[in-house]
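Below: the structure, in structure tokens.
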Amino acid sequence: MLELAILDDYQGVALSLGDWAPLRDRVNITVFDQALGADAAAKLAPFDIVCLMRERTPFPAALFAALPNLKFMTLTGGRSPSLDLEAASARGIPVSHTGHGSPQATAEMTWSLILASARHLPTETAAMRAGGWQTTVGRVVDGKVLGLLGLGKLGSKVAAIGKAFGMEVQAWSQNLTAETAEAAGVRLVDKPTLFRTSDWVSIHLILSDRSRGLVGAADLALMKPDAWLVNTSRGPIVDEAALIDVLTRKAIAGAALDAYVPEPLPANHPFRTLPNLIATPHIGYVTEDTYRIFYGETVENIAAFLAGTPTRVIGQVFKQYAYTGIR
């Protein structure tokens with residue numbers, strides 16, 4: 001029997017949203033429902049197979065080196081910037097992946113945050129629970145300007161919903177062309193214009209060397225006093241210290257965030273207590289629909305590995321190493 005670890009199952013749903021029965025006679029399954037943190041090497045030392053939930057647990061080269069029993073990994077989603085694929089390749093460890101799930105999930109989450117900020121829903125909900133009644137005055141989004149940092153698959157979905165609400169939608173990214181923007185019915189603007197004229201700025205970029213820290217103090221300083229920043233992409237895209245500063249000074253109306261660094265967010269982090277911040281715990285992709293894809297295909301990946309025919313493999317491991325499998 002091989003030892004299999006399912007990591008970061010925060011909600012305790014991995015075993016119910018995938019059919020693990022085909023593996024039961026080959027593997028012992030252990031589920032970790034908390035972040036492993038600094039104890040990752042010690043806790044994972046006995047395991048032959050590790051199932052990663054996206055980038056929740058970083059897997060640098062040093063962690064690979066500390067796990068001599070590791071033979072196979074499967075990753076939910078298609079990429080993880082915190083997974084060192086070169087280290088996996090050097091060890092001859094196949095890494096399989098699953099489908100991404102629906103980008104509609106994060107688009108809907110983005111709109112949940114935009115509408116919650118427009119009508120001050122967290123504040124009004126808290127006031128109701130405390131016995132209060134009508135403590136704020138909201139805004140409609142109709143006729144307002146939505147600025148999108150990124151107009152890919154996700155950004156274009158958010159744009160379409162914005163247009164349906166009657167918003168003026170504009171966008172900028174480093175590679176965005178006028179033709180792409182026009183095809184989406186969106187106005188292409190430069191970055192300063194986006195921040196200076198938008199009522200809501202929403203980020204829809206992949207984290208990379210180019211996007212890390214892309215939204216800094218100078219960009220935030222351009223925003224209107226009643227504007228909101230929304231980030232359902234990745235925390236490091238925004239300069240955290242600069243955002244805390246503008247929120248503390250109330251230089252903008254607020255921010256609505258679903259992504260942070262680090263994650264989980266420490267209990268004493270300012271983002272948990274700033275009154276003009278709506279914070280959700282990176283749940284943009286956390287839906288039953290997506291998890292059924294993640295865990296269903298995770299089981300398929302493990303079964304294929306055990307049969308000696310790994311599938312959906314990331315990288316070039318099999319071009320460099322002869323693979324015999326575990327039969």
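All values derive from a computational prediction rather than experimental measurement.
Within the 4.5 Å cutoff, side-chain heavy atoms of Gln104 are placed close to those of Ile161. With contacts defined as side-chain heavy-atom distances shorter than 4.5 Å, the pair Leu220/Asp239 does not qualify. Annotation: side chain of Thr298 is not in contact with side chain of Ile6 (no heavy-atom distance under 4.5 Å). In this structure, Phe64 and Leu83 have side chains that are in contact, with non-hydrogen atoms separated by less than 4.5 Å. Side-chain contact check for Phe195 versus Val189: every heavy-atom pair is 4.5 Å or farther apart. Put simply, the side chain of Leu306 reaches to within 4.5 Å of the side chain of Val27, judged on heavy atoms. At a threshold of 4.5 Å between non-hydrogen side-chain atoms, the residues Asn301 and Phe72 count as touching.
There is a side-chain donor-acceptor pair under 3.5 Å between Ser198 and Gln170.
If you take OG1 on Thr106 and NE2 on His282, they are separated by 7.0 Å, rounding to the nearest 0.5 Å. Atom CG of residue Leu7 and atom CD of residue Gln34 lie 12.5 Å apart, to the nearest 0.5 angstrom. Separating the CD atom in Glu263 from the OG atom in Ser82 is a distance of 10.5 Å, to the nearest 0.5 Å. The CG atom of Asp19 sits 9.0 Å away from atom CZ of Arg24, with the distance rounded to the nearest 0.5 Å. Interatomic distance, Ile29 CD1 to Ile302 CD1, rounded to the nearest 0.5 Å: 7.0 Å. The CD1 atom of Ile244 sits 12.5 Å away from atom CZ of Arg249, with the distance rounded to the nearest 0.5 Å.
Contacts classified as ring-ring contact (aromatic ring centres under 6.0 Å, His included) and involving residues 75-99 (residues at least two apart or in different chains) are not found. Screening residues 59-69 for side-chain hydrogen bond (donor to acceptor under 3.5 Å, both in side chains) gives no qualifying pairs among residues at least two apart or on separate chains.
Side chain of Arg312 to backbone of Glu300: no donor-acceptor contact under 3.5 angstrom is found. A donor-acceptor pair under 3.5 Å is absent between the side-chain atoms of Ser89 and the main chain of Leu85, judged by distance alone. When atom types are taken as modelled, the side chain of Ser233 and the backbone of Ile203 share a donor-acceptor pair closer than 3.5 angstrom. Distance alone, capped at 3.5 Å, places no donor-acceptor pair between the Thr290 side chain and the Val286 backbone. With Thr125 contributing its side chain and Pro122 its backbone, the two residues share no donor-acceptor pair below 3.5 Å. Of the possible donor and acceptor atoms, none in the side chain of Asp39 sits under 3.5 Å from a partner among the backbone N and O of Leu36. Proximity of a side-chain donor or acceptor of Arg139 to a complementary backbone N or O of Lys144 within less than 3.5 Å is not detected. The backbone N or O of Thr311 lies less than 3.5 Å from a partner atom in the side chain of Ser96, making a donor-acceptor pair. A donor-acceptor pair under 3.5 Å links the side-chain atoms of Lys163 to the main chain of Ala184, judged by distance alone.
Shown here are the side-chain hydrogen bond (donor to acceptor under 3.5 Å, both in side chains) partners of Asp209, two or more places apart in sequence or in another chain: there are none. The salt bridge (Lys or Arg N to Asp or Glu O under 4.0 Å) check on Arg292 picks up Glu288, with sequence neighbours excluded. Remark: Lys224 engages Asp199 in a side-chain hydrogen bond (donor to acceptor under 3.5 Å, both in side chains) (not counting sequence neighbours). Take Thr123 and apply the side-chain hydrogen bond (donor to acceptor under 3.5 Å, both in side chains) test, not counting sequence neighbours, and it matches no residue. Residues satisfying the side-chain hydrogen bond (donor to acceptor under 3.5 Å, both in side chains) criterion with Asp258, sequence neighbours excluded, are Thr280.
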Name the atoms and distances for all side-chain donor-acceptor pairs under 3.5 Å in residues 171-179, with sequence neighbours left out.
from, atom 1, to, atom 2, distance (Å)
Ser173, OG, Leu176, N, 3.2
Thr177, OG1, Thr180, N, 3.2
Thr177, OG1, Thr180, OG1, 3.0

Could you pull out every donor-acceptor pair under 3.5 Å between side chains of residues 43-61 and any protein atom, sequence neighbours left out?
from, atom 1, to, atom 2, distance (Å)
Asp48, OD1, Lys71, NZ, 2.4
Asp48, OD2, Glu3, N, 2.8
Glu55, OE2, Arg234, NE, 2.6
Glu55, OE2, Arg234, NH2, 3.0
Arg56, NE, Tyr285, OH, 3.0
Arg56, NH1, Asp8, O, 2.7
Arg56, NH2, Tyr285, OH, 2.9
Arg56, NH2, Tyr291, OH, 2.9
Thr57, OG1, Asp8, OD1, 3.4
Thr57, OG1, Asp8, OD2, 2.5

Return all side-chain donor-acceptor pairs below 3.5 angstrom for residues 264-278, not counting sequence neighbours, or 'none' if the list is empty.
from, atom 1, to, atom 2, distance (Å)
His269, ND1, Phe271, N, 3.0
His269, NE2, Glu240, OE1, 3.3
His269, NE2, Glu240, OE2, 3.2
Arg272, NE, Leu265, O, 3.4
Arg272, NE, Pro266, O, 2.9
Arg272, NH2, Leu265, O, 2.6
Thr273, OG1, Pro270, O, 3.3
Asn276, ND2, Leu247, O, 2.9

Side chains of residues 113-121: which donor-acceptor pairs under 3.5 Å do they make with residues two or more places apart or in other chains?
from, atom 1, to, atom 2, distance (Å)
Ser117, OG, Leu113, O, 3.2
Ser117, OG, Ile114, O, 2.7
Ser117, OG, Trp200, NE1, 2.9
His120, NE2, Val137, O, 3.3

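Counting all heavy atoms, side chain and backbone alike, Leu151 lies closest to Ala159 at CD1-CB, 4.1 Å. Heavy atoms only, all atoms of each residue included: Met167 and Trp111 are closest at SD-CH2, 3.4 Å. Closest approach of Tyr10 to Ala35, counting heavy atoms only: CE2-N, 4.2 Å. Residues Tyr295 and Leu17 share a closest heavy-atom pair of CB-O, 3.9 Å. The minimum heavy-atom distance between Asp84 and Ala87, with the atom names listed, is OD1-N, 2.9 Å. The nearest pair of heavy atoms linking Leu243 to Ala255 is CD1-CB, 4.2 Å.
Other residues sharing the hydrophobic cluster of Trp133, ordered by chain and number and joined by side-chain separations under 4.5 Å: Met128.
Around CD of Gln11, the count of heavy atoms belonging to other residues, nucleotides or ligands within 6.0 Å exceeds 12. Heavy-atom contacts from other residues, nucleotides or ligands closer than 6.0 Å to CZ of Arg129 number 12 or fewer. Counting non-hydrogen atoms of other residues, nucleotides and ligands closer than 6.0 Å to CD1 of Ile206 gives a total of 12 or fewer.
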Please lay out, stage by stage, how Glu124 and Thr136 fare under the test side-chain hydrogen bond (donor to acceptor under 3.5 Å, both in side chains). CA-CA 7 Å; Glu124 293 295 352; Thr136 65; 2.6 Å; yes
Apply side-chain hydrogen bond (donor to acceptor under 3.5 Å, both in side chains) to the pair Thr232 and Thr110, showing each step before the final yes or no. CA-CA 6 Å; Thr232 55; Thr110 298; 2.9 Å; yes
